[in-house]
Amino acid sequence: MSEASAATSKPAELPKAYLPSEAEGAVRARWDAARCFHAEPSAQGEPYAIFIPPPNVTAALHLGHAFNNSLQDLLARYHRMRGCNTLWMPGTDHAGIATQTVVEKRLMLQGKKRTDFTREAFVEKVQEWKDEYEATILGQLKGMGCSCDFDRTRFTMDDTCATAVRHAFFTLFKDGLVYRGKRLVNWDPVTQTALADDEVEMEEVDGHFWYLKYPLADGSGHVTVATTRPETMLGDTAVAVNPKDPRAVALRGKKLRLPIVGREIPIVEDDYVVMPASMGGDPADPKAQFATGFLKVTPAHDQNDWDIGQRHALPAVNVMAPDGSISDRHGWMDVSDEARAFVGLSREEARKRIVAWFKANGLLEDAKPYRHAVGHSYRSHVPVEPYLSDQWYVRVTDDRLRGTALRAMAGDQVEGALPAEVAKGPAMAGDGELRFFPARYAKNFQMWHENIRDWCISRQLWWGHRIPVWTKRGEASELASHLGALAALDSTRAVVRAARVVDGADVALSALPAAKGEHDLHVCLLDDAQGAALEGAGFRRDPDVLDTWFSSALWPLSTLGWPDPSRWADMAGLLERYNPSSVLCTAREIITLWVSRMVMFNRYFLGRLPFKHVFIHAMIQDGHGQKMSKSLGNGVDPRDIIHSHGSDAMRFTLVSMATNTQDVRLPVDIVDPHSGETFTPKWVTTSAGYTVADAVQASPKDPSKKMVSGFGAATGVATPTEAMPLARNTSARFDLGRNFANKLWNATRFAISNLSASTVPAAGGVAAPSALIDRWMLARLELASRELDRGIADYEFHRVAETLYDLVWRDFCDWYLEGIKPTVRGDAAQQAILAAVLDAQLRLLHPVCPFVTETLWDAVRAIRHGEVRGLALPAAPLCALAAWPAVDGAFADAEALGQFARVQALVDAIRKVRGERQVQPKRRIVLLAPDSVRALVAAAGGVVETMAGLERVEPSPSARPAAAVAIPFEGSEVLLDGLVDAVDADAEKARLSKLIAEREKQAVGMRSKLDNAGYVAKAPPAVVEETRKKLAEVEADIVAAKGALAALGG
RNA sequence: GGGCGCUUAGCUCAGUCGGUAGAGCACCGCCAUUACACGGCGGGUGUCGCAGGUUCGAGUCCUGCAGCGCUCACCA
């Protein structure tokens, strides 16, 4: 920093209150201009890297993201200041299904749908949406002060990421870890796409158990099946019974006539079937309570039935169209006249009609209400349909994926032991190095991987990474004619595979010419170069796109230019330097969705962990205990809070809420745009049972004036207009941070005003502080800096906020600044210490409150007169670039801490009397005290006089002055004189009586302890001794107080 | 149903190795003291969810129960 620029920062320029809105923009501009946060792999320092969990581009960020990013920024700034070569990689996620859905919803408002456009035109529309929200999100991050390397901002569908995705898919395909399977998928009939297991949400639904009678084909009776989904009976291909069921023998070999359809279906025996409790089934199994012992088997519409079908070679009859309606065009051939009436019905309508049919035909035995959990699409919120279709899968159950993820876990965080087959897997760099904070979340990770199923990665969407596979279907012999041409393809850029259509099983290419039946010939291409030729030969590119998490899983690789950083500008060296990264900061639900997949992919593709630590933070809930989410629309825009309280205030408050036990509840208010008044909105309950702010709110000042709530705008229920503007949110919770930032501002302003008057240059620095209060302040600083280091290392961020709050407010403002007021202007050494403490404080605070500290930086640096030896605070042009304070352990001064604690206790005791007796603040009083107390007062160097409002200190007199008030202190009696002009004997008696009662209560507790032989014998001697000492003190206090009371004639 | 959390002041939350409970806000007094009213000084407030157990001693450890949240499973 130049002298000239220092001179321009005059203390007089600092306004009386910190105004974030005026400071933040300028600070951000200075950081950006200086490119403070740009990471260069060639630079010095231990690498410290964080990958942002890329926010999806469906909507703007809410406070949950602000929380997540405040913590990441804290970590990034702290480590940067500690000299680490720090990269915080920013970016956004394309969020395939979510983003496509919001755009489709927007089109619906215009009366259009996706299929009115070409694929390219629709993707163009989504792209526009993405551009808008990507800009909004990046702007929000900047507004929050995030120290991301924005030069390196990535998007999961940009060229760099797309290249990584393509390479990853190709590699997995080549290695046999991607396969095509005909399976039941979780099908969303509204968005008409497959969903991964974790995209399905279970919701409690009131349904029924229907008991349907299926007649035996030979007319000899019937069996009764129970079902909650009678509409699927159209696709039944068997009824199963447990072989142990006593009725099974008589039914062996018999057939049933499926009602409505007329299909003749077998009775199969399978021990999967639960027997009813009455037939010897386990009464503890809830299924045994309502099961009939006969299970209808619908392989095409139920996962378990599919498995039974596989075991008994049953056909699968799919009776539904992709939109969930009953259809005879997707695998159902034997439609009877009776059944035709149901074709075309929605699944809901079909259910009603089928139940009615059974009832009308005397085949409905019973119907019982039943509440159960049903899978719903996390996107469209309709029940998911198990649906038979061809999809692409990643074989994550392979040891190369699942096994490596489990072996990555820190040994001490593994519950029990890893499964034997996993434990014996090949060793690899990073094994045992993945650690979760808090540790309990390791279990989620472990359980997920131990029970993982193959991952369905194809999605029937238009927005996303298109699957790079070209397929031709036909008779094997016909397909074989292509083999020659395909063999000529460069094997490093193309992989060919063949699969039987009926079951998706792989077939060796060499066996294809001789194979019978329909086959698929799949060609996976690393790039599109050969695509046109394939299409010319009748191959068709797969229309589907990849699950969004496929690209997210590559984030720590793709953002660094994997597989070949050298092909991108300015990315050389990134991968080596910043992968593995240091920590991933995210929320619980992401452990399975994202953390798991990043670990598997990073280890598979690069042989390394993507990150060493996983920090899982709490969830931000609204005032009603509901998680803030983009889809619910109850999220609060961080820009609203920045507007009402400032960015630092928001950050400080969020950091203080980062405890590692509970989720955080944040009651939210609305700011009336008409009057500026803050009020509690009118709440309404949504159909799903959530409590949200009504979309349109009335001004509390003038109910005729309306406004749109954040919920209204986020859900599109109401559109803001000039007359009905969007109302910002706010929350009184952020007052904490705002007050804190303002306190720091004013303390610094005041300190500067004391220092700028000084002309004393301190050459060589202050050797060792001599005044108690200076020694104490530096000891507190030393303690705080260690506490901050610990809090950050343990990811216990609320401790960081608490430590900073106590340091600045309690120690620095309440005691240090007040205590040195009389002396600092004339004491050069103290000035140097004050200036150094100010400087150090800004640095310690910077990771949490970057804007206010940066705003004060120049002014504080300008008044530094000299160094305090042992407190290294090297100059830096910006606080963001300053070094973390190196506080010498020699400042840890237990004696000063102990002695100052006594000073504080004495001052508190005097103030308490002053407060109770309502002594005017300006009034100086007299302290009459024994030698030990006067020695303490003297050692404090005037601090007691200043803080307690003492005029003078005198020895204890032999006779108590008439107007004096006695207070017990450390077991001796201290008198205060001159409190009031005339003593109020009654008030004084009351005060003393209360004090005696308090002390008696304490004494009783301690005596009963000491009277307990067990306590004295078994408790640690130091604890017993401490109790004795305290009791003696308390008893002395009582004697003193009683003496004073007696002197008053009480 | 399995698993993981949580239940502490009116509110939002801390509470480390077991030693008689803390913070911020809110509330009540007093204070326009020349850093800050986004402030200062002082004040009251608790069957630590319930019931047992271990221990000289339990908010803290153990068991059971209740309620809340998340998560996995469940469409017989």
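Everything quoted here is computed from the prediction, not taken from an experiment. Per chain, numbering begins at 1; letters A, B, ... match sequence-line order.
- Only the C1' atoms considered, B:rC72 is 29 Å distant from B:rC13, to the nearest whole Å.
- A gap of 16 Å separates the C1' atoms of B:rA26 and B:rC38, to the nearest Å.
- Comparing B:rA21 with B:rG64, their C1' atoms are spaced 26 Å from each other, to the whole Å.
- Between the C1' atoms of B:rG10 and B:rG1, the separation comes to 38 Å (whole Å).
- Side-chain contact annotation: A:Y1015 with A:T1027, donor-acceptor N/O pair under 3.5 Å present.
- Minimum atom distance to the side chain of A:K922 is reached by B:rU33, of the listed B:rG19, B:rU33, B:rG43.
- Which of B:rC70, B:rA35, B:rA76 sits closest to the side chain of A:F209 comes down to B:rA76.
- At least one side-chain heavy atom of A:I925 sits less than 4.5 Å from a side-chain heavy atom of A:I910.
- The separation of B:rG46 from B:rG59, taken at their C1' atoms, amounts to 11 Å, rounded to a whole angstrom.
- With a cut-off of 3.5 Å on both Watson-Crick or G-U wobble distances, the partner of B:rG24 is given as B:rC11.
- Taking the six-membered ring where the residue is Trp, A:H617 and A:F67 present perpendicular rings, their angle passing 60° and hence far from 30°.
- Phosphate contact (OP1/OP2 of B:rA76, side-chain N/O of A:T227, threshold under 4.0 Å): present.
- Among the heavy atoms of the strands lying under 4.0 Å from A:N304 are primed sugar atoms or P, OP1, OP2 only; no base atom is included.
- Contact between the side-chain N/O atoms of A:N739 and the OP1/OP2 oxygens of B:rG39 is found at a separation under 4.0 Å.
- Among the heavy atoms of the strands lying under 4.0 Å from A:V273 is at least one base atom, whether or not backbone atoms are also near.
- The side chain of A:N451 places no N or O atom within less than 4.0 Å of a non-bridging phosphate oxygen (OP1 or OP2) of B:rA73.
- At a threshold of 4.0 angstrom between heavy atoms, the contacts of A:R799 with the nucleic acid are absent.
- Annotated as syn: B:rC17, whose glycosidic dihedral is within 90° of 0.
- Put simply, NE2 on A:H798 is 8 Å from C1' on B:rG15, counting in whole angstrom units.
- Below 30°, between 30° and 60°, or above 60°: for A:Y795 and A:F437 the angle between ring planes is between 30° and 60°, a tilted geometry.
- When the side-chain nitrogen and oxygen atoms of A:K16 are compared with OP1 and OP2 of B:rC36, one or more of them lie within a distance under 4.0 Å.
- Within a 6.0 Å radius of NE2 in A:H208, other residues, nucleotides and ligands contribute more than 12 heavy atoms.
- If you check distances only, the side chain of A:K743 does reach the base of B:rC36 with a donor-acceptor pair under 3.5 Å.
- For A:S1008, taking side-chain heavy atoms from C-beta onward, the closest of the listed nucleotides B:rU20, B:rC56, B:rG42 is B:rU20.
- Computed from coordinates, the A:R911 CZ to B:rC31 C1' distance equals 13 Å when rounded to whole Å.
- You'll find that the side chain of A:N742 is closest to B:rC36, out of B:rC36, B:rC30, B:rU33.
- At a threshold of 4.0 angstrom between heavy atoms, the contacts of A:G375 include nucleobase atoms, whether or not backbone atoms are also involved.
- Pair assignment for B:rC50: B:rG64, on the basis of Watson-Crick or G-U wobble contacts that are both within less than 3.5 Å.
- Applying the 4.0 Å criterion to OP1 and OP2 of B:rC13, one finds that A:T659 has every side-chain N and O outside that range.
- The listed nucleotides are B:rU12, B:rC4, B:rA76; the one nearest the side chain of A:T228 is B:rA76.
- The residue among A:R738 and A:M447 whose nearest nucleotide of RNA chain B is located toward the 5' end is A:M447.
- Rounding to whole angstrom units, CG of residue A:N746 and P of B:rA37 are separated by 7 Å.
- The base-pairing partner of B:rG44, taking Watson-Crick or G-U wobble contacts with both distances under 3.5 Å, does not exist among the strands shown.
- Nucleotide B:rC4 has B:rG69 as its partner under the Watson-Crick or G-U criteria, with both atom distances under 3.5 Å.
- B:rG39 and B:rC31 make up a base pair, with Watson-Crick or G-U wobble contacts both under 3.5 Å.
- Position along RNA chain B of the nearest nucleotide to A:E802 versus A:G293 favours A:E802 as the more 5'-ward residue.
- Between B:rA35 and A:K821, a contact under 4.0 Å exists linking OP1 or OP2 to a side-chain N or O.
- Among the nucleotides B:rC31, B:rA76, B:rC56, the one closest to the side chain of A:P921 is B:rC31.
- Using a 4.0 Å cut-off between charged nitrogen and carboxylate oxygen, A:E348 and A:R351 do not count as a salt-bridge pair.
- A cation-pi arrangement is absent between A:K743 and A:Y805, since the terminal nitrogen or guanidinium carbon is not both under 6.0 Å from the aromatic centre and inside a 45° cone about the axis.
- Here the P atom of nucleotide B:rG40 and the CG atom of A:D908 are 14 Å apart, to the nearest Å.
- At whole-Å resolution of the value, CG in A:D735 and P in B:rU12 are 16 Å apart.
- A:H449 and A:F445 have tilted rings, their planes meeting at an angle from 30° to 60° on a 0 to 90° scale.
- Comparing the same atom, C1', in B:rC48 and in B:rC6 gives a spacing of 14 Å after rounding to whole Å.
- Comparing B:rC13, B:rC36, B:rG42 against the side chain of A:R665 picks out B:rC13 as the nearest.
- Note on A:Y272: a base of the nucleic acid sits closer than 4.0 angstrom, heavy atoms only.
- Here the nucleotide nearest the side chain of A:E818, chosen from B:rU12, B:rA35, B:rC75, is B:rA35.
- Residue-to-nucleotide contacts include no donor-acceptor pair under 3.5 Å from the side chain of A:E796 to the base of B:rA14.
- Across B:rA76, B:rA35, B:rG19, the shortest atom-to-atom separation from the side chain of A:D302 is found for B:rA76.
- A close approach under 4.0 Å does occur between a side-chain nitrogen or oxygen of A:W809 and OP1 or OP2 of B:rG40.
- For A:R229 against B:rC75, a side-chain-to-base donor-acceptor contact under 3.5 Å is present.
- The separation of B:rG49 from B:rG44, taken at their C1' atoms, amounts to 25 Å, rounded to a whole angstrom.
- Among the protein residues, A:A1019 comes within range of the nucleic acid bases, having at least one heavy atom under 4.0 Å from a base atom.
- Under the Watson-Crick and G-U wobble criteria, each requiring two contacts below 3.5 Å, nucleotide B:rU16 is left unpaired.
- The pair A:E231-A:R347 fails the salt-bridge criterion, with no side-chain N (NZ, NE, NH1 or NH2) lying under 4.0 Å from an Asp/Glu carboxylate O.
- Ring geometry for A:F740 versus A:W809: interplanar angle under 30°, hence parallel rather than tilted (30 to 60°).
- Of all nucleotides listed (B:rA76, B:rC38, B:rA35), B:rC38 comes nearest to the side chain of A:A17.
- Here the C1' atom of nucleotide B:rC38 and the CG atom of A:L736 are 11 Å apart, to the nearest Å.
- At least one side-chain nitrogen or oxygen of A:R810 sits closer than 4.0 Å to the OP1 or OP2 atom of B:rG24.
- Among the heavy atoms of the strands, none lies under 4.0 Å from A:V907.
- Nucleotide B:rU55 forms no Watson-Crick or G-U wobble pair with any nucleotide shown, as no partner meets the under 3.5 Å limit on both distances.
- Taking atom P on both nucleotides, B:rG39 is separated from B:rC25 by 7 Å, rounded to a whole Å.
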